[in-house]
**Q** 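Take this structure, written in structure tokens, and hold onto it; I'll ask about it next.
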Amino acid sequence: MFNNHEDATVTTTAAETRAKKLRKRLWIWIPLGLILLIGIIFFANSCASIPAGHTGILTTFGKVEDKVLTEGFYWKSPFQKVIKMDNRTQKTTETFQAFSSDIQEVDILLAVNYSINQETAQKLYRTVGTEYYQNIVYPRLLEGTKAIFAEYTAEQLISNRETLSEQIANIVVPSVSQYGIVVSSIMVQNIDFTDAFTNAVEAKQVAQQNKLTAQTQQDQLTMEAEQEANRQVIKAQADAEQARIAAQAELEVTKIQADAAEYAGQKEAARNKAIAAWLTSDLLKYYYIQQWDGKLPTYMLGENANILMNPN
């Protein structure tokens, strides 16, 4: 039993010795671990990385420093903080409600593309902060949209979407540019009216379409009637011209025939005249003598008849 007591005492002494050594080591490693942890935190807070398309705004205890960080890796004080401002073009959509000039309620869907100028990003953060879209762009976008839509009737709004976009941009772009905010485009993507107005517009469009169809049909009939009338006029003119040409041709033929007859008569008269001029009395007597057979003609006269002799 004595030996067992001695063994237990030895075992207890060894355990206490190991515990003391462990406590001693812990007192050494705990400070080292704390120092290492502090070093890691210090290192993490002493470096900053600015990605592409961003600008870094350096602050010390909330105060904006004059230094601007462009993309890359930087060392800084652990007490300093870097705010990253996105310079890339960002797109957002907004839904507004407005009224037309004829007091029609309109739901509007706008698409906006915007960005910030890298050179003025520091000033923008100092004067406005990171919520520059909600504080600067959105209120002016809402105000400009309502002002422009109030200038048009509901029917005019339907057909002037591109013009509306341009006019809203003309209001918004200059007002935000002084803060270094660039609004590159504003597009009215959709315009929606109340169901009652939409139904009225559709009914009107149907009526206009029916009227246009009827007018087109009437114009077609009128055109066909005019074409038929023109064809009749042209045909009558052609018939009249054909009759005139035929009459003229017949007249020309008659004239030619008359001229030919006149010419034949003149020719016959000239021939007769020439023959008459050629047949002199002496020549006729000569031919008569040549043809006489020497016999005198015999005449049977009555008892009381007188005979006349031509001595020639």
Side-chain angles (χ1 to χ4, degrees), residues 53 55 85-121 123-223:
T55 299
M85 302 284 283
D86 195 344
N87 300 117
R88 297 171 298 179
T89 299
Q90 302 178 65
K91 180 178 180 179
T92 186
T93 56
E94 298 291 351
T95 300
F96 298 136
Q97 283 188 340
F99 287 92
S100 62
S101 61
D102 52 353
I103 319 300
Q104 291 291 334
E105 186 176 357
V106 187
D107 291 328
I108 309 154
L109 179 63
L110 291 181
V112 185
N113 291 338
Y114 67 96
S115 61
I116 61 173
N117 193 327
Q118 185 176 19
E119 298 177 356
T120 58
K123 179 182 177 181
L124 177 62
Y125 177 77
R126 181 183 287 115
T127 57
V128 180
T130 57
E131 300 297 325
Y132 56 87
Y133 176 82
Q134 293 297 329
N135 295 329
I136 300 297
V137 180
Y138 182 86
R140 288 161 175 76
L141 192 63
L142 176 60
E143 181 182 358
T145 301
K146 289 187 174 182
I148 294 301
F149 270 67
E151 296 179 359
Y152 293 87
T153 65
E155 290 189 11
Q156 290 173 337
L157 292 175
I158 297 174
S159 58
N160 288 281
R161 184 176 300 180
E162 184 175 349
T163 302
L164 294 171
S165 302
E166 294 177 357
Q167 293 180 343
I168 295 172
N170 291 338
I171 294 177
V172 176
V173 172
S175 64
V176 301
S177 61
Q178 58 183 323
Y179 296 93
I181 303 172
V182 180
V183 176
S184 55
S185 68
I186 298 176
M187 180 63 65
V188 178
Q189 290 188 329
N190 188 42
I191 300 174
D192 193 16
F193 298 92
T194 61
D195 293 340
F197 178 78
T198 302
N199 294 335
V201 171
E202 290 178 354
K204 183 178 179 179
Q205 290 178 343
V206 170
Q208 290 178 343
Q209 185 63 37
N210 292 336
K211 180 180 178 181
L212 179 61
T213 301
Q215 184 64 40
T216 302
Q217 292 175 350
Q218 182 61 39
D219 291 343
Q220 181 67 24
L221 294 175
T222 302
M223 182 181 65

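Bear in mind that the values here come from a model prediction, so they are computed numbers and not experimental data. The analysis underlying the following values was restricted to heavy atoms, covering all of them including side chains, and did not include hydrogens, waters or symmetry mates. For this chain, numbers begin at 1 and follow the sequence in order.
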**Q** Testing the basics here: between A98 and I108, what is the closest heavy-atom pair and its distance to 0.1 Å?
**A**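 So the two residues come closest at CB-CD1, 3.7 Å.
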**Q** Can you name the closest pair of heavy atoms from M85 and A121 and give their distance?
**A**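 Minimum heavy-atom contact is CE-O, 4.1 Å.
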**Q** Could you walk me through whether L110 and V188 satisfy the side chain to side chain contact (heavy atoms under 4.5 Å, CB included) test, starting with their C-alpha distance in whole Å, then the side-chain angles of each, then the deciding distance to 0.1 Å, before giving a yes or no?
**A** CA-CA 5 Å; L110 291 181; V188 178; 3.5 Å; yes
**Q** Do I171 and I148 make a side-chain contact, defined as non-hydrogen atoms from C-beta onward lying under 4.5 Å apart?
**A** yes
**Q** So, taking the atom named OH in Y133 and the one named CG in L141, what distance separates them when rounded to the nearest 0.5 Å?
**A** 5.5 Å
**Q** Check for a donor-acceptor pair, side chain of N117 on one end and backbone N or O of I181 on the other, with a separation under 3.5 Å.
**A** no
**Q** With sequence neighbours excluded, what pairs up with E166 under the side chain to side chain donor-acceptor pair (under 3.5 Å) test?
**A** none
**Q** Please round to the nearest 0.5 Å and tell me the distance separating atom CG of L109 and atom OG1 of T95.
**A**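 Reported to 0.5 Å precision, the distance equals 5.0 Å.
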**Q** Does E131 offer a backbone N or O that forms a donor-acceptor pair with the side chain of Q134 under 3.5 Å?
**A** no
**Q** Compare every heavy atom of R88 with every heavy atom of S115, then report the nearest pair and how far apart it is.
**A**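 Residues S115 and R88, closest heavy atoms: CB-O, 3.7 Å.
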**Q** Run the side chain to side chain contact (heavy atoms under 4.5 Å, CB included) test on T93 and V112 for me, step by step, so that the C-alpha distance in whole Å, both residues' side-chain angles and the decisive distance to 0.1 Å come before the verdict.
**A** CA-CA 6 Å; T93 56; V112 185; over 6 Å; no
**Q** Return the NZ to CD distance between K146 and Q97, rounded to the nearest 0.5 Å.
**A**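 With rounding to 0.5 Å, NZ (K146) is 8.0 Å from CD (Q97).
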**Q** Would you please test V182 and V176 for side chain to side chain contact (heavy atoms under 4.5 Å, CB included) and show each step?
**A** CA-CA 7 Å; V182 180; V176 301; over 6 Å; no
**Q** Take atom CD in Q220; do more than 12 heavy atoms of anything else shown fall under 6.0 Å from it?
**A** yes
**Q** Do T145 and L164 have side chains that approach each other closer than 4.5 Å (heavy atoms only, starting at C-beta)?
**A** no
**Q** Under 3.5 Å, side chain of T120 to main-chain N/O of I116, donor-acceptor pair present?
**A**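 Not a single qualifying donor-acceptor pair exists.
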**Q** Say you draw a straight line from OG1 of T55 to CG of N87; how long is it, rounded to the nearest 0.5 Å?
**A**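 Going from OG1 on T55 over to CG on N87, the span is 3.5 Å.
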**Q** Check whether T153 reaches the backbone of Q156 with its side chain - one donor and one acceptor, N or O, closer than 3.5 Å.
**A** yes
**Q** Please assess L157 against V106 for the test side chain to side chain contact (heavy atoms under 4.5 Å, CB included), listing each intermediate value before the final yes or no.
**A** CA-CA 9 Å; L157 292 175; V106 187; 4.0 Å; yes
**Q** Closest approach of A169 and P174, non-hydrogen atoms and distance?
**A** O-CD, 3.8 Å
**Q** Any pair with a residue in residues 167-190 that passes side chain to side chain donor-acceptor pair (under 3.5 Å), sequence neighbours left out, goes on the list, sorted by first then second residue, please.
**A** N113-S185, Y152-Q167
**Q** Would you give the length of the straight line joining atom CZ of F96 to atom CD of E143, rounded to the nearest 0.5 angstrom?
**A**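 Atom-to-atom, F96:CZ and E143:CD are 11.5 Å apart.
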**Q** Does the ring centre of Y132 sit less than 6.0 Å away from the ring centre of Y138?
**A** no
**Q** If you measure from CG on L142 to CD on E94, what distance do you get to the nearest 0.5 Å?
**A**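 Going from CG on L142 over to CD on E94, the span is 9.0 Å.
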**Q** For F193, does its backbone N or O pair with a side-chain atom of D107 as donor and acceptor, under 3.5 Å?
**A** no
